[in-house]
Amino acid sequence: MVDVSPREAEVLALLGDHLSNAEISARLFISVRTVETHVSSLLRKLEVPDRRALAQRAPEAAGGGAAPQAPVLPAPLTSFVGRVSERAELSELIRAHRQVSAVGSGGVGKTRLALAVASQAGGDYPDGVWFVDLVPVADPDMIAAAVAVALGLGEQPGQDMTQSVLAALADHQALLVLDNCEHVLDGVAVFLERLLAACPAVTVLATSRARLMVPFERVYPVPPLSLGVDGESDAVALFMQRAAAVGWPLDPPLRDQVASICERLDGMALAIELAAARYPMLGLDGITAALSHPLRMLTGGARTDDRHRSVRATLDWSHALLEPADRALLRRVSVFVAPFTTSAAAEVAETEEGIVADGLARLAEQSLLVVRAFPGGTEYRALEPIRQYGTERLAEAGELVESRHRHLRWCLATAADLAVVRADWRARFDPVADELRAALSWAADRPEQRMDAYHLARQLAEMAFIRHLVGESQLRYEQAAALAVEPAAEASMLRHAAAVAGCRMRGDDMHRLWQAAAQAARRAGDTAGAASDLATAATNTYRFWSRFELLPPPEESIALICEARELAGDDPAAQAAVALAEAGVLSDAFGAAQGPPDNAVPETIARAEWAVTLARRTRDPLAEAAALDALTGAQCWAGETFTSAATARRRVALLSSLPAAPANTHELLDALGNATEASLGAGDLPAARRLARQIADHPLLVEVGHRATSWLLVADALAGNTDDVLAGSVRFLDAWQRAGSPARSVLGPAAAGVAMIHGLRDDQEAQSVWTAVLKQLGVSHEQVYGYGAVFDAMLLLHRGQAPEALERMAPEPGDVWKSVTWVWLHWYVALRAEAAVLAGGPGARDHLAEARTVVAGNVVAEAMVQRAEALLDGDQQALLAAAGTFDAAGCRYQSARTLVFAGGGHAQRGAAKLGDLGLAPMVPCPLQITST
């Protein structure tokens, strides 16, 4: 039994559910780095090469926290024989060089050697050894995705998968084994150049039939197994072990005859495996006679590699010894690029399942297939040289196209079955995903299969989105658009692709795709649809301006609106889209960076209300939600804080019951964020936390914990929920660093809130870390005058530095209104009034009077103003009433602080509550009441 710790057992169980490292991290409240450590440990303990094998082992370990030790390898389940010198040489190379390619012909034993070396070197790489089988990868652009699956990564919105892999491995000391690179050499070369440049502690061991031709590559030619003399050699040892494994051990005196066979087979590992599997039926004399057959010489042709001819000859010989039905089965199952089941093979071979099961068993007995049993069933797999051989035989028999077509038909049926999402959906999707991709790659290049390819691309796009493979989802939607026969279908797929690009935070892609959809709609004769697409493209440049790498100039957006207006006619949906664009672009309802410095607020309100009216007439919840977003912004600019919050919540309610399609998800996440901000601005902390929790727990954001936890951290910081801030900040910082520490100012409020909490705890070291993060995120006007001023003032007031707090908030709210209006106005005004009171300035009463008017209706801000006035008046009862209000509003820190101000026994209770929150004592202020 293997010693698997309780935490490792938890990780293993979640691997069985096909969760990524980030998803496991969020479930177990540990860092992604800790998950990686546990996964690496499990790979070593259970002696498996990759996460898929771990997932299959999860049910075995579910009961007792331990699992049996039998290895699960992407090769025959047999021991590794010999190659002592080769292992030593290759091990030394990967210690000395960052990229080593083990090169040799098919069947020489590259994969087994690489796995043995990687397993032996595991202790040299603290962050693990990761194995990636590239056989199922048909598209060179999917190399990074295959590596990400092995590493347990999902995609970071705003990054392509290669960037996500590079960010995850940037500071890791790990060994990455890329197996079977030869058919995607160009993709591997591009990926490795970026990987080696960005990840200085990562070493890559690749296996390939040809060198990769990348900088820093060191090539290791994998030799055949040693032949030796007097029957002592690795080749002989392999034959003897494999013969014994099938129940026919050989006596030592027969070694010379075995050595002769191995010499005929040029020491090629696969050829020896196949020959040894025939020993029970043929004996050594029969094998010797068969290998002397002229068939061996007929396979040379134009091939220049003598060693490869020996494998080909052995395959020909093994193939010739099969019954005709088994030959047909072997060549037909060669269309599978990934492990397959008996039922799948039966459909592709068009044979009864019982007959196929018998045939697969016979092929496995002859080492022509690898069989792997696990709790979920039994899988078969052909090693790559055998699969390629079977494909050649298919072509020779004239069955290749028909077999591929049946495989495609099976993939379409499998995809249709996966359209129903159940609890075990991931466990059903992951094993067949590569198969679906391979079928699509074949069909997309054949004009006669275009319609099937279109359907499969669309289905893969939908499934990839459900699986949170958003980069692939966008790719497949765009591929489906290119395969669509009808322009209307093309436009539909491009709109879906644009929505996924929005989920990925790819504004530039969104803009391109909406305009492409408009072009397709015009070709389809749908001018109204084209108008909506153009208007949406214009709207999004302002609505989602922060997601663009290169913002289009305002003139371009205005031109799109003019064109959309001309095409819209009297179509209600098109008119609604144009009205929203006018509100967002012409009146800057969204407060975009490229918008004018000041809004004509009445005009913005009027345009936004008209957009909502038109959108509601369409009965399209997405159109109405987008218009409500504009209205929320317009109401915010008008200072209608509570109306704005109500509108934002209305938008969330409108979207909450919609299915998790790309456009719905994109709109809902944006709505949740806006509603959280609006609730914070209105002082409704419980509502803000509920909404922020929905964002933090959304499955699409699990890989971007910094974005997922951002507003929850703000809400908890304002409430004084210290433990929650400390726990959430681990996920934020971990994810932000894995994403490459992007300089996104939208994350600033979270970083400032965490820094403030550490300041309140008097943890200067942690505070400096988060202050540095805040600087890296970039300085914005909102940081200077909005959230930065609010969090700085709270900390300064806690430390008794009221004059400094007042100086920090010196600007009048009206002078910095765009920086404070949306979320921070009430907090800014209330804290400014309190600072004025505590600083003892002559205008304190005026500050209080002004603040009461501004914050009226905001429970938390009103209590802050009430507390400041009570301090000025020395009114202990008013202070205690304010403390009760803070408690009811979920603002524990302000409640404790108010009790300290109330003096006497109340102050002791307040100090104890601050201690319970893990915060440092407050510095006494002159206005603090000193008696009960």
Side-chain angles (χ1 to χ4, degrees), residues 47 70-71 73-90 102 104-120 179 207 220-288 290-291 296 306-315 317-318 321 364-371 382-386 389:
E47 297 184 1
L73 299 172
L77 306 184
T78 48
S79 59
F80 186 79
V81 175
R83 290 204 184 270
V84 174
S85 61
E86 290 95 327
R87 277 189 283 178
E89 291 166 359
L90 190 52
S105 58
V108 75
K110 301 182 296 294
T111 297
R112 295 299 299 271
L113 177 61
L115 281 170
V117 169
S119 177
Q120 182 177 304
D179 193 36
T207 75
Y220 178 76
V222 178
L225 292 170
S226 63
L227 295 171
V229 294
D230 299 326
E232 297 295 335
S233 69
D234 288 346
V236 170
L238 177 63
F239 190 104
M240 301 283 280
Q241 278 207 14
R242 297 306 183 253
V246 293
W248 291 80
L250 287 157
D251 293 330
L254 298 175
R255 281 181 177 271
D256 288 343
Q257 196 171 354
V258 171
S260 175
I261 292 172
C262 292
E263 185 175 359
R264 286 176 177 272
L265 296 175
D266 299 315
M268 298 297 284
L270 177 58
I272 293 169
E273 296 256 7
L274 295 173
R278 285 289 176 181
Y279 171 66
M281 285 75 72
L282 300 178
L284 295 181
D285 291 342
I287 293 173
T288 301
L291 291 177
R296 181 169 188 262
D306 291 337
R307 293 197 303 268
H308 188 82
R309 284 204 299 270
S310 68
V311 174
R312 176 56 182 252
T314 310
L315 285 169
W317 165 64
S318 294
L321 293 173
E365 288 172 0
Q366 303 308 315
S367 293
L368 292 166
L369 293 179
V370 175
V371 60
L383 298 182
E384 185 60 7
I386 297 174
Y389 177 86

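Please read all numbers here as calculations on a predicted model, not as lab measurements.
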So, using side chain to side chain donor-acceptor pair (under 3.5 Å) as the criterion, who are the partners of Y389 when residues are at least two apart?
D316, R393
4.5 Å side-chain heavy-atom contact, Q257 and T288:
yes
Among all residues two or more places apart in sequence or in another chain, which pass the side-chain contact (heavy atoms from CB on, under 4.5 Å) test with S226?
S233, D234
Can you see which heavy atom on F239 is nearest to which on C262, and at what distance?
CB-SG, 4.1 Å
Between the CD atom in E273 and the OG atom in S318, the distance rounded to the nearest 0.5 Å is 11.5 Å
Starting at CD1 of I386, measure out to CD of Q366 and round the result to the nearest 0.5 Å.
11.0 Å
Heavy-atom nearest pair, A235 first then G267, reads CB-CA, 4.5 Å
How would you list, by chain and number, every residue that makes a side chain to side chain donor-acceptor pair (under 3.5 Å) with T207, sequence neighbours excluded?
D179
What are the two closest non-hydrogen atoms of G107 and P385, and how far apart are they?
N-CG, 3.7 Å
Kindly indicate, with the supporting measurements, whether the criterion side-chain contact (heavy atoms from CB on, under 4.5 Å) is fulfilled by V258 and M240.
CA-CA 8 Å; V258 171; M240 301 283 280; 4.1 Å; yes
Distance in Å, L113 CG paired with E89 CD, rounded so as to fall on 0.5 Å steps:
9.5 Å
For the residue pair L274 and S367, what are the closest heavy atoms and their distance?
CD2-O, 3.5 Å
Side chain to side chain donor-acceptor pair (under 3.5 Å) partners of R83, counting only residues at least two apart
E86
Can you list everything that forms a side-chain contact (heavy atoms from CB on, under 4.5 Å) with L282? Sequence neighbours excluded, please.
R278, I287, W317, L321
Report yes or no: does K110 contribute a side-chain atom to a donor-acceptor pair with the main-chain N or O of G104 at less than 3.5 Å?
yes
In Å, rounded to the nearest 0.5 Å, how long is the span from CD1 of I261 to CD1 of I272?
10.0 Å
The reported gap from CG in L270 to CG in L265 (rounded to nearest 0.5 angstrom) is 10.0 Å
So which atom in L238 and which in A269 form the shortest heavy-atom distance, rounded to 0.1 Å?
CD2-O, 3.9 Å
